[in-house]
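Shown next, in structure tokens, is the structure this report addresses.
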Amino acid sequence: MQREIPTVYSPESIEPRWARYWVEEKLYRPSDAAATSGSRFSLSLPPPNITGSLHMGHMLEHTEIDILMRWHRMCGENVLWLPGMDHASISTQMIVERELGREALPDLVGPQARRTWQREGQRRRLEMGPEKFLDRCWQWKEQNGDTIRRQMERLGASVDWTRARFTMDPAYSRAVIEVFVRLHEEGLIYRGQYIVNWCPRCGTAVSDLEVAHEDRPGHLWYIRYPFEDGKDYITVATTRPETMLGDTAVAVNPADNRYREMIGRKVVLPLMNRAIPVIGDEFVDPQFGTGAVKVTPAHDPNDFAIGMRHDLPRVTVIDFEAQMTREAGPYAGLSREKAREAVVRDLSAAGLLEKTEDYKLSVSICERCKTIVEPLLSMQWFLKMQPLATAAIRAVEDGRIRVVPENSRKIYLDWMYRIHDWCISRQLWWGHRIPAWHCEACNEIVVSREAPKSCPKCQGSALRQDPDVLDTWFSSGLWPFATLGWPEQTEDLKRFYPNDLMIMGFDILFFWAARMIMLGLKFTSDVPFRELYIHALVRDAERQKMSKTKGNVIDPIEITEKYGTDAVRFALASSAAPGTDIAFSDDKVQSHRNFANKIWNAARFILMNFANMTDPALRHLAAALKPVPIVGFDAVPSRDSGLGARGSREFGNEELRTDEPRTEKLLVDHWMFSRLADVTRDMNESLAKYHFHEAAYTIYHFFWHEFCDWYLEWVKPEITRPPEELARRTKASAAAINLARVFEAALHLLHPFMPFITEELWHQLPRAGDQRSISLTGFALVNPRAADPVSEKQFETIQEVIVAARNIKAEMGLHKEKPSAQVASEDTRLLELFRAHQEPILRLAGLEAMNFVRGRLPADASPMPLTSGCDLRLFYERAIEPAAERARLEREAAKLKQQLEQAERQLANESFRSRAPHDVVAGVERRRAELANQSQRIAESLARLGGSTGSATQG
RNA sequence: GGGCGAUUAACUCAGCGGUAGAGUGCUACCUUCACACGGUAGAAGUCAGAGGUUCGAAUCCUCUAUCGCCCACCA
């Protein structure tokens, strides 16, 4: 009559079903404003880019967030986890271009294909024009956004889909424009011609953060610039000789005696035959190169600054395609690389190349396409950072925003102190258009929320909107408040802002966190989030970064389909120690798949026995198993006991169900409930510190090695009795009730980590409640303060006897055979404890019988002394090899001796006694006493064994 | 040029002042009516090296070595 449940857990048979269910039931919408007075917990998902599908980094991030969200929800808080996606301006534009290229040239293969598609796609984009191209981008967004959404659903993210946002939603875009206009009105946004990082391949300016640096071997060329009078020359050193074509000065340090006299004189720029001045500027380092530097204001940020100070002309010799301009004279039209070769060749021919040295230089490359970035003079929009950064620094310094781990906080602050203005315009099409209009008649620029009808200056009606779009991070910087309806003062904004927590990877700390903090403080007068947790990176088994080119990418969906979402989540969580990157591997997931299987089978065992409950004789038992209405998140009374930094409630803070019929508890139940309390408390503490690995390990160990290995085994005979017997025996029915409670509690503790299997099993428990999901039930099972150290100690004593007996058995070579045991102790209460639990001890240790001796064992016995103060001895019909017996005792004695000596050494040390804390000294004293006692008894045992032929056994 | 992290059992990693831990792997035994994706027992570590602080150091400090990361407008 047992229910059919497969022995091997197959996650694929339940996970997709629950994933759908959670979304369709809209389970994770926070309850209505009217219904809640208690605390809330809000977090906005870092919006994935619509450029691709989710990778393991996302899965780690979503898993960590989901664990915390489910946990807070089960603590009775009103939780909002708001999802969404980012339009990812430049990334998306590039991908859509590549798609266009792929369509045009479908037959290409190999590593070159990507680059060719990109080039072709870019050409086709320009050909088709903005309107058609943006249509393609929107199509891409629809498709990919949907993929990402399905993936998140499959991974069990408990987000509120009804509040999903996209950074280019109309309402969101209005917020972006609002922010731009206000910043402009305040003079924080300005437009100007400055040196920017220009990617010639992407055809746009990029910010400092989007530029990567790479050390590459290069050269330092020493070039002679002859003075006008032809009598002398000055030698400059450069790594970029082609830029000399745009030089407008040579600079030396005014304090440098070698050159002081030359300041004010003019040299002739070689190849160009242009006279340029020698100037003095503090910036020049006399130690470097020759101490004289060529100045190219149009192509180097430092030179630009020097040029500003000395009012030098700016000669642009390299254009936006990285080709030489007309200003480059004979070199016009050459690429920058070809121009370099030609310039070096010509200088050499002219005898002006003094020497060439090998030199390791740091090259700036475009983060996205790896093209060498060209510092170019260009008209762009900038955001002044200083005023915004000041507030953002203060918020972190005074703790209004807590950054975890501490290390990230320092890095954030360092960066903030040295912040530069932010170039926010991009020469791209996909993104938020800059709300500025240029008057074609008078060149006036109008920044406005709406397209102006006419030019306010000349009344002209020919106005053209600025073609540029905003850096994608400008809009994502508004994420925590723009998603809640800002600038309207919406109900959501009032209820869920500031967010309680933000979680992201280190790689976007500056890109995103810093900008959110600055813009949040600026526009809401409040921090965007109270805490910022920086998670680790997921690497492959060899600790390599996962990347497509290396081919070591693990796809979350693939591995999820192979082992189950729960297993992958648990594997990630159990490796997620703050500040440490995760080496992720199949093996790790496999071992947690095994854990899921263990849970499944424990449940299978329990549920098979609960199938009995349909028997009319057991109706009272079934009734007792039905949970009392579990406290849902709407109904939890507010409570001020603290969890973590902000005093939210604790998981499992409710009293043990007191309104149910009292059930008798065995020692094992007391032990189990006490452990449950310990575990609950430990998990609360770990999760409050973002120690996911600790919390995961705690519940893993509890479930497997305490609940399954000991508790379940211990109560097995009680709960597997036939119904009629179960009905008669109160002890058995109490065991069943207690087991059901512990199991349900364990499911709750596991749920944030393994939402699918726990949801499934929870629904299979006999129950009357109408709760729709375990995740919506408060945790009303265990009080973490209900620990019971006395019961724990007693149970541990019994465990010690059982383990020791198994150990001796194994060493005696007795496997299926059942020896008998003798336990001797002076402590009658100890013997009483064992006698009272004789049945499970014999069963779990695999013993035939047991007898108890008060005092010492007879002289011919050589027992095993245990820490709890008793001597254990096993005997079996055939003789035990005395040599083996002695070996074991001697080994034990040696170990004890070593430990004892250490304790004695410590206690003999006068300064230890006087300086160490009292409890530590007392602890060591206690330990020494125990060790001495045990050593003594072991010595006696050895003495009884006598010489090597001594017989210590009896039939 | 600055800054940071890592080095602990064969492998992957926890622990970060008070008796060295886990998972995987390994050895022996067990197909006992939840689970062999299992059970029981076990072997396995000068906690990179050298100094120092401390009653006490894997844990704190200094240096060294090896590996890795981030930031940086030194031509």
Side-chain angles (χ1 to χ4, degrees), chain A residues 2 5 7-9 195 197 208-209 213 220 236-240 243 251 283-285 287-290 292-296 300-305 359 361-362 364 375 407 410-411 414-415 418 420 506-507 509-510 537 541-543 545 563 567 571 574-575 577 579-585 587-588 590-609 691 693-694 697 700-701 708-709 712-713 716 720 803 806-811 813-816 843-846 898-899 902-903 906 909-917 919-921 923-924 927 931:
Chain A
Q2 287 182 341
I5 306 176
T7 54
V8 173
Y9 172 52
I195 291 269
N197 306 299
D208 293 346
L209 282 175
H213 301 274
L220 199 54
V236 298
T238 181
T239 55
R240 297 201 57 196
T243 62
F283 171 81
V284 180
D285 175 6
Q287 308 301 318
F288 188 92
T290 60
V293 59
K294 58 190 264 330
V295 182
T296 324
D300 181 281
N302 289 318
D303 293 4
F304 180 81
Y359 187 73
L361 71 158
S362 171
S364 301
N407 182 261
K410 274 192 263 174
I411 296 171
D414 280 354
W415 187 75
R418 300 179 288 110
H420 298 298
F506 180 78
D507 53 333
L509 181 66
F510 307 141
L537 228 63
E542 275 76 49
R543 307 206 117 266
K545 245 183 201 166
Y563 296 110
S574 65
S575 320
T580 313
D581 286 349
I582 293 172
F584 189 78
S585 66
D587 287 358
K588 239 174 219 175
Q590 215 173 96
S591 76
H592 292 99
R593 183 272 318 264
N594 295 354
F595 181 46
N597 194 59
K598 186 76 182 176
I599 299 169
W600 182 258
N601 278 290
R604 184 169 166 270
F605 170 65
I606 294 167
L607 294 169
M608 281 189 322
N609 289 296
H691 289 192
H693 64 300
E694 265 177 27
Y697 172 72
Y700 176 94
H701 184 268
C708 289
D709 289 353
L712 224 45
E713 293 302 331
K716 205 176 249 181
T720 49
V803 170
R806 287 168 175 169
N807 180 335
I808 297 169
K809 262 186 74 177
E811 296 209 3
L814 299 175
H815 299 298
K816 305 170 79 170
R843 180 164 47 86
L844 295 179
Q898 208 180 14
Q899 291 174 354
Q902 199 195 328
Q906 227 173 341
N909 186 338
E910 214 20 71
S911 13
F912 170 70
R913 285 180 167 286
S914 56
R915 301 203 192 190
D919 57 323
V920 172
V921 178
V924 177
R927 185 173 146 72
L931 288 168

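So that the names make sense, note that chain A is the first sequence line, chain B the second, and so on, each numbered from 1. This structure is a prediction, so every number in the text was calculated from the model and none was measured.
For A/Phe288, the side-chain atoms get nearest to B/rA75 when compared with the rest of B/rG18, B/rA75, B/rA41. Listed candidates were B/rA34, B/rC70, B/rA41. Nearest to the side chain of A/Cys708 is B/rA34. Nearest nucleotide to the side chain of A/Ala810, out of B/rA41, B/rA72, B/rA75: B/rA41. Which of B/rG18, B/rG42, B/rC35 sits closest to the side chain of A/Asn807 comes down to B/rG42. Checking B/rC37, B/rU24, B/rA72 against the side-chain heavy atoms of A/Val8 singles out B/rC37 as nearest. If you check B/rG18, B/rG23, B/rA34 against the side chain of A/Ala916, the one that comes closest is B/rG18. Residue A/Gln899 places its side chain closer to B/rU19 than to any other of B/rC37, B/rU19, B/rG23. For A/Arg593, the side-chain atoms get nearest to B/rC37 when compared with the rest of B/rC37, B/rA34, B/rG39.
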Letter per nucleotide, 5' to 3', of nucleotides 4-15 of chain B [B base touched, S only sugar-phosphate touched, - untouched; heavy atoms, 4.0 Å]: S-------SSSS
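The base of B/rC30 is not paired with the side chain of A/Lys816 by any donor and acceptor separated by under 3.5 Å.
Across every non-hydrogen atom of A/Gln590 and A/Tyr563, the tightest pair is NE2-OH, 3.2 Å. Nearest heavy-atom pair, A/Lys294 versus A/Thr238, reported as atom, atom and distance to 0.1 Å: CD-CB, 3.6 Å. A/Val284 approaches A/Val293 most closely through the heavy-atom pair CG2-CG1, 3.5 Å. Here the shortest heavy-atom pairing between A/Leu712 and A/Ala602 reads CD2-CB, 4.0 Å. Closest non-hydrogen pair, A/Ala903 versus A/Val924, comes out as O-CG1, 3.9 Å.
In this structure, A/Pro917 reaches the bases: a heavy-atom distance under 4.0 Å links it to at least one base atom across the strands shown. The residue A/Asp414 sits apart from the nucleic acid: no heavy atom pair falls under 4.0 Å. Using a 4.0 Å heavy-atom cutoff across all strands shown, A/Gln287 reaches no nucleic acid atom at all. When heavy atoms are screened at a 4.0 angstrom cut-off, A/His701 is found touching no nucleic acid atom at all. Across all strands, A/Phe283 comes closer than 4.0 Å to base atoms (heavy-atom distances). Using a 4.0 Å heavy-atom distance criterion, A/Val284 is classed as a base contact. Contact annotation for A/Arg418: backbone-only contact, meaning every heavy-atom pair under 4.0 Å involves sugar-phosphate atoms and none involves a base. Within the 4.0 angstrom heavy-atom criterion, base atoms lie near A/Asp285. Among the heavy atoms of the strands, none lies under 4.0 Å from A/Phe584.
Spacing of P atoms, B/rU46 relative to B/rA10, comes out at 8 Å, to the nearest Å. For B/rG45 and B/rG52, the P atoms lie 28 Å apart once the distance is rounded to whole Å. For the P atoms, the distance linking B/rU40 with B/rU24 amounts to 13 Å, nearest Å. Comparing the same atom, C1', in B/rA36 and in B/rA44 gives a spacing of 24 Å after rounding to whole Å. For B/rC33 and B/rA41, the C1' atoms lie 24 Å apart once the distance is rounded to whole Å. Between the P atoms of B/rA22 and B/rG15, the separation comes to 15 Å (whole Å). As rounded to the nearest Å, B/rG3 and B/rA75 have C1' atoms that lie 24 Å from one another. Separating the C1' atom of B/rC47 from that of B/rG42 is a span of 23 Å, rounded to the nearest Å.
Here B/rC35 presents its P atom at 12 Å from CG of A/Leu712, a figure rounded to the nearest Å. For A/Glu910 and B/rU54, the CD to P distance is 18 Å, given to the nearest whole Å. Note: CG (A/Asp208) to C1' (B/rA72) measures 10 Å, nearest angstrom. Nucleotide B/rU40 holds its P atom 13 Å from the NZ atom of A/Lys809, rounded to whole Å. If you take NZ of A/Lys294 and C1' of B/rC74, they are 15 Å apart, rounded to a whole angstrom. Rounded to whole angstrom, the span from the CG atom of A/Leu509 across to the C1' atom of B/rC71 amounts to 12 Å. Atom CG of A/Leu844 is separated from atom C1' of B/rU32 by 12 Å (rounded to the nearest Å). One can place CZ of A/Phe510 at 13 Å from C1' of B/rC69, the figure rounded to the nearest angstrom.
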CA sep, side-chain torsions, deciding dist, call: A/Glu713, A/Asp709, side chain to side chain contact (heavy atoms under 4.5 Å, CB included): CA-CA 6 Å; A/Glu713 293 302 331; A/Asp709 289 353; 5.7 Å; no
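Both A/Trp415 and A/Ser911 lie near RNA chain B, and the one whose nearest nucleotide falls closer to the 5' end is A/Ser911. Toward the 5' end of RNA chain B, the nearer of the two residues A/Ala602 and A/Arg806, judged by each one's closest nucleotide, is A/Ala602.
Applying the 90° criterion around 0 to the glycosidic angle, B/rU62 comes out anti.
A/Lys716 forms a cation-pi arrangement with A/Phe605, by the criterion of a distance under 6.0 Å to the ring centre and an angle within 45° of the ring axis.
Figure legend. B/rG5 is base-paired to B/rC67; pairs are counted as Watson-Crick or G-U wobble with both atom distances under 3.5 Å. Remark: B/rC13 base-pairs with B/rG21. Criterion, Watson-Crick or G-U wobble with two distances under 3.5 Å. With both pairing distances under 3.5 Å, B/rC60 is matched to B/rG52 as a Watson-Crick or G-U wobble pair.
Note on A/Lys716: a side-chain N or O is less than 4.0 Å away from OP1 or OP2 of B/rA34. Contact check, A/Asn594 against B/rG38: a side-chain N or O comes under 4.0 Å of OP1 or OP2. In this structure, A/Asn601 does not reach the B/rC37 phosphate: none of its side-chain N or O atoms is under 4.0 Å from OP1 or OP2.
Between A/Phe595 and A/Tyr700, the ring planes lie tilted relative to each other; the angle falls in the 30° to 60° range.
We find the CZ-CG distance between A/Arg240 and A/Leu220 to be 14.0 Å, quoted to the nearest 0.5 Å. The line from CG of A/Leu537 to CG of A/Asp581 is 5.0 Å long, rounded to the nearest 0.5 Å.
No hydrogens or angles considered: a donor-acceptor pair under 3.5 Å links the side chains of A/Asn909 and A/Ser911.
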